[in-house]
Number of protein chains: 2
Amino acid sequence: MKIYSGIPKHLVAVDCIIFGYDIMEKELKLLLIKRGFEPAKGKWSLAGGFVYENESLEEAAARVLYNLTGLRNVYMEQNYTYGEVDRDPGARVISTSFYALIKIQDIDRELAEKNGAHWRSISRLPELIFDHTRMVERALNELRQQAKVKPVGFELLPETFTLVQLQDLYEAIYQRKIDKRNFRKKILSMNLLEKLDEKEKITSKRGAWYYRFIPEKYEVFTQKGFYFNLDVS
Amino acid sequence: MKIYSGIPKHLVAVDCIIFGYDIMEKELKLLLIKRGFEPAKGKWSLAGGFVYENESLEEAAARVLYNLTGLRNVYMEQNYTYGEVDRDPGARVISTSFYALIKIQDIDRELAEKNGAHWRSISRLPELIFDHTRMVERALNELRQQAKVKPVGFELLPETFTLVQLQDLYEAIYQRKIDKRNFRKKILSMNLLEKLDEKEKITSKRGAWYYRFIPEKYEVFTQKGFYFNLDVS
DNA sequence: TATTTTAATTGTATCTATTACACTTAAAAA
DNA sequence: TTTTTAAGTGTAATAGATACAATTAAAATA
């Protein structure tokens, strides 16, 4: 096809900001990789890759994530596109960032290790290559906004979780203490959780009830015109 | 340079969703163009263009806007990147959308006309090419979110405006009636406006006081930990 | 078996923000 | 002088957000 001939083309990449929540350490983490190739070999970076001719950006990001973790059908959200001419010293690369929310325990550890991937807490990240630190900051901001108004937090937790664990997650995301009674009041009042007949007994003698997030309840909730809201003191 | 050799490259474009507010008709409008070239010649579309080798996405978007309107230093916000393989039937083009907020009266009318640009109300948009309708929807959503929590509305108004005009703008953005007293109470309580010693006397005998948004006041306001909020009934 | 220990669970009162609502006023026109 | 028209103004009721501490369940220990 002759259309659009003579127009410059660009290398286009995707970079994935992969969030996971460590339920024991109560820390929000990022899956980072030590680059095994030039430029910046040996430096920490986000998981990324070039976009092929026959795939969309979303497909490319899903592929990168799959190759690193073995996971498919992960919650991903496009975040921002970085197009500064000099952002990659190797060549001009335009990169679209996506953030992914995954359940840490689900990843293929062997595969991740083979690719040089490591979990690092967001509160003490290493220096990252290029503009990846900016990418992380923007993605974290976005996640913080989203977690207030959409039930995305559950993507980071196991299928079943206790209210204490859910609150710990939110405290890790926002890096601040939340009032226990207010938090429970608010999340339970939305009626999106199902209380199970089972207790988590590792962290306390008494044990804490397990809950499960029910997507169908959320559907009904939104269809009735309600809005998810976990913006709590 | 041999780095990254053998990797497929892509056409990359930007598309601009150019918002303007018609203060007389009380309508939010988009500056759309009738395409003068194939594919889809004669159809309505957003203003767009390919990204050159020596410019960032933001620079490309600013250039497209400048060429159409003669305006520089316009409020623009990157919105989303559309990378579906088949989104443009002419060739595979990856396009990043930006929305721009401009003061309708500021544009170079002659230049705009020469480029086939026309203002169209958002409440009755024509059919647009490709995925441009989706782009507009997403941008409008984004604008609606932003206008609640950031003082972006003023970008769409003349330097001086009346509170009635400001409210009309918000009603046009959200397509619903807002309570006059509550709106005024809220905007004035933030202390971001300066009341001028002059009245707008065209639309009423009594006249309405002109105000001006003071960016410096907004700086102080945010530095004190306050957040802009015009989410009003 | 009774006591201790520890984390989970629960409710209310106060404060703040949002909402609903209608009359008065300024100024030109008649 | 009266009429007309849009601008401008305040308060009470409601809902939502916040601050705050004692009780309970269950294992571990004495």
Side-chain angles (χ1 to χ4, degrees), chain A residues 23-26 147-149 157 160-172 174 176-212 221 224-233, chain B residues 23-26 147-149 157 160-172 174 176-212 221 224-233:
Chain A
I23 211 163
M24 302 309 284
E25 294 187 33
K26 302 179 184 176
K148 285 180 188 175
V149 297
L157 289 172
T160 67
F161 50 83
T162 69
L163 294 184
V164 174
Q165 289 169 344
L166 183 62
Q167 180 174 346
D168 286 345
L169 166 64
Y170 270 79
E171 292 184 350
Y174 296 105
R176 63 183 179 76
K177 205 83 189 94
I178 297 171
D179 182 273
K180 207 197 297 196
R181 280 175 284 191
N182 294 340
F183 181 83
R184 285 163 175 255
K185 201 191 314 177
K186 204 149 188 178
I187 182 66
L188 290 177
S189 73
M190 286 189 272
N191 247 299
L192 305 175
L193 304 184
E194 181 181 80
K195 187 181 189 172
L196 303 183
D197 215 20
E198 198 187 341
K199 277 186 167 180
E200 190 274 337
K201 311 266 305 185
I202 297 159
T203 45
S204 83
K205 301 160 199 173
R206 180 179 177 175
W209 292 108
Y210 273 119
Y211 287 78
R212 183 199 305 277
F221 181 78
K224 282 182 180 167
F226 294 114
Y227 295 97
F228 186 87
N229 173 6
L230 263 184
D231 196 354
V232 177
S233 72
Chain B
I23 212 164
M24 300 310 283
E25 294 186 31
K26 301 180 185 180
K148 285 180 189 175
V149 297
L157 289 173
T160 66
F161 50 84
T162 70
L163 294 184
V164 174
Q165 289 169 342
L166 183 61
Q167 178 174 346
D168 286 344
L169 166 64
Y170 270 79
E171 293 185 349
Y174 296 105
R176 64 183 177 76
K177 204 81 190 101
I178 296 171
D179 182 273
K180 204 200 299 195
R181 280 175 286 190
N182 293 340
F183 181 83
R184 284 162 174 254
K185 200 192 314 177
K186 206 151 187 176
I187 183 65
L188 290 177
S189 73
M190 284 188 274
N191 246 299
L192 306 175
L193 304 185
E194 180 182 83
K195 188 181 188 173
L196 303 183
D197 215 22
E198 197 186 341
K199 277 187 166 179
E200 190 275 336
K201 311 265 305 186
I202 298 159
T203 45
S204 84
K205 301 162 199 168
R206 179 179 178 175
W209 291 108
Y210 273 120
Y211 286 78
R212 183 200 305 277
F221 180 78
K224 282 183 180 166
F226 294 114
Y227 294 97
F228 186 87
N229 173 5
L230 263 185
D231 197 353
V232 177
S233 72

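Protein chains get the first letters and strands the later ones, always in sequence-line order, with residue 1 at the start of each. In this text the structure is predicted, and so the values were computed from the model without any measurement. Both backbone and side-chain heavy atoms feed into the values below; hydrogens, waters and symmetry mates do not.
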*Asks:* Side chain of A:Arg181: nearest nucleotide among D:dA7, C:dG11, C:dT9?
*Replies:* C:dG11
*Asks:* With side-chain contact (heavy atoms from CB on, under 4.5 Å) as the test, would you mind laying out the steps for A:Ile187 and A:Leu230 before giving the verdict?
*Replies:* CA-CA 7 Å; A:Ile187 182 66; A:Leu230 263 184; 4.0 Å; yes
*Asks:* Taking atom P of C:dT12 as reference, at what distance in whole Å does atom CZ of A:Arg184 sit?
*Replies:* 17 Å
*Asks:* Within less than 4.0 Å of OP1 or OP2 of C:dA26, is there a side-chain N or O belonging to B:Lys201?
*Replies:* no
*Asks:* Starting at CD1 of B:Ile23, measure out to CD of B:Glu200 and round the result to the nearest 0.5 Å.
*Replies:* 8.0 Å
*Asks:* As an exercise, state the distance from OH of A:Tyr211 to CG of A:Leu166, rounded to the nearest 0.5 Å.
*Replies:* 10.5 Å
*Asks:* So, does the side chain of A:Lys205 form a donor-acceptor pair with the base of C:dT5 at under 3.5 Å?
*Replies:* yes
*Asks:* Whole angstroms only, please: what is the NZ-P distance between A:Lys177 and D:dC20?
*Replies:* 15 Å
*Asks:* Rounded to whole angstrom units, what separation is found between the CZ atom of B:Phe183 and the C1' atom of D:dG10?
*Replies:* 18 Å
*Asks:* Just call it for B:Thr203: base, sugar-phosphate, or nothing, with non-hydrogen atoms closer than 4.0 Å on any strand.
*Replies:* sugar-phosphate
*Asks:* Write down the distance between CD1 (B:Ile202) and P (D:dT5), rounded to a whole number of angstrom.
*Replies:* 19 Å
*Asks:* Distances under 3.5 Å between protein N/O atoms and the N/O atoms of nucleotides 15-18 of chain C, please, pair by pair.
*Replies:*
unit_1 : atom_1 : unit_2   : atom_2 : d
C:dT18 : OP1    : B:Lys186 : NZ     : 3.1

*Asks:* Within this structure, what is the CG-NZ distance for the pair B:Leu163 and B:Lys180, rounded to the nearest 0.5 Å?
*Replies:* 11.0 Å
*Asks:* Go through the N and O atoms of the side chain of B:Arg206 and the base of C:dA27, and report whether any donor-acceptor pair is under 3.5 Å.
*Replies:* no
*Asks:* Could you tell me whether the side chain of A:Phe221 reaches within less than 4.5 Å of the side chain of A:Asn191, counting heavy atoms only?
*Replies:* no
*Asks:* Do the side-chain N or O atoms of A:Lys199 get closer than 4.0 angstrom to the phosphate oxygens (OP1, OP2) of D:dA26?
*Replies:* yes
*Asks:* Of the candidate nucleotides C:dA8, D:dG8, D:dT18, which contains the atom at the shortest distance from the side chain of A:Asn182?
*Replies:* D:dT18
*Asks:* Rounded to the nearest angstrom, tell me the gap between atom CG in B:Leu188 and atom C1' in D:dA7.
*Replies:* 13 Å
*Asks:* What is the distance, to the nearest angstrom, from the NZ atom on B:Lys180 to the P atom on C:dC23?
*Replies:* 14 Å
*Asks:* Give me the atom names and distance for the closest heavy-atom approach of B:Lys201 to B:Gly207.
*Replies:* CD-CA, 4.0 Å
*Asks:* Test your reading of the model: is there a side-chain donor-acceptor pair from B:Lys199 to the backbone of B:Arg206, 3.5 Å cut-off?
*Replies:* yes
*Asks:* Return the value, rounded to whole Å, for the distance between atom CE of A:Met190 and atom C1' of D:dG16.
*Replies:* 14 Å
*Asks:* Check the distance between D:dG8's C1' and B:Tyr211's OH and give it to me in whole angstrom.
*Replies:* 9 Å
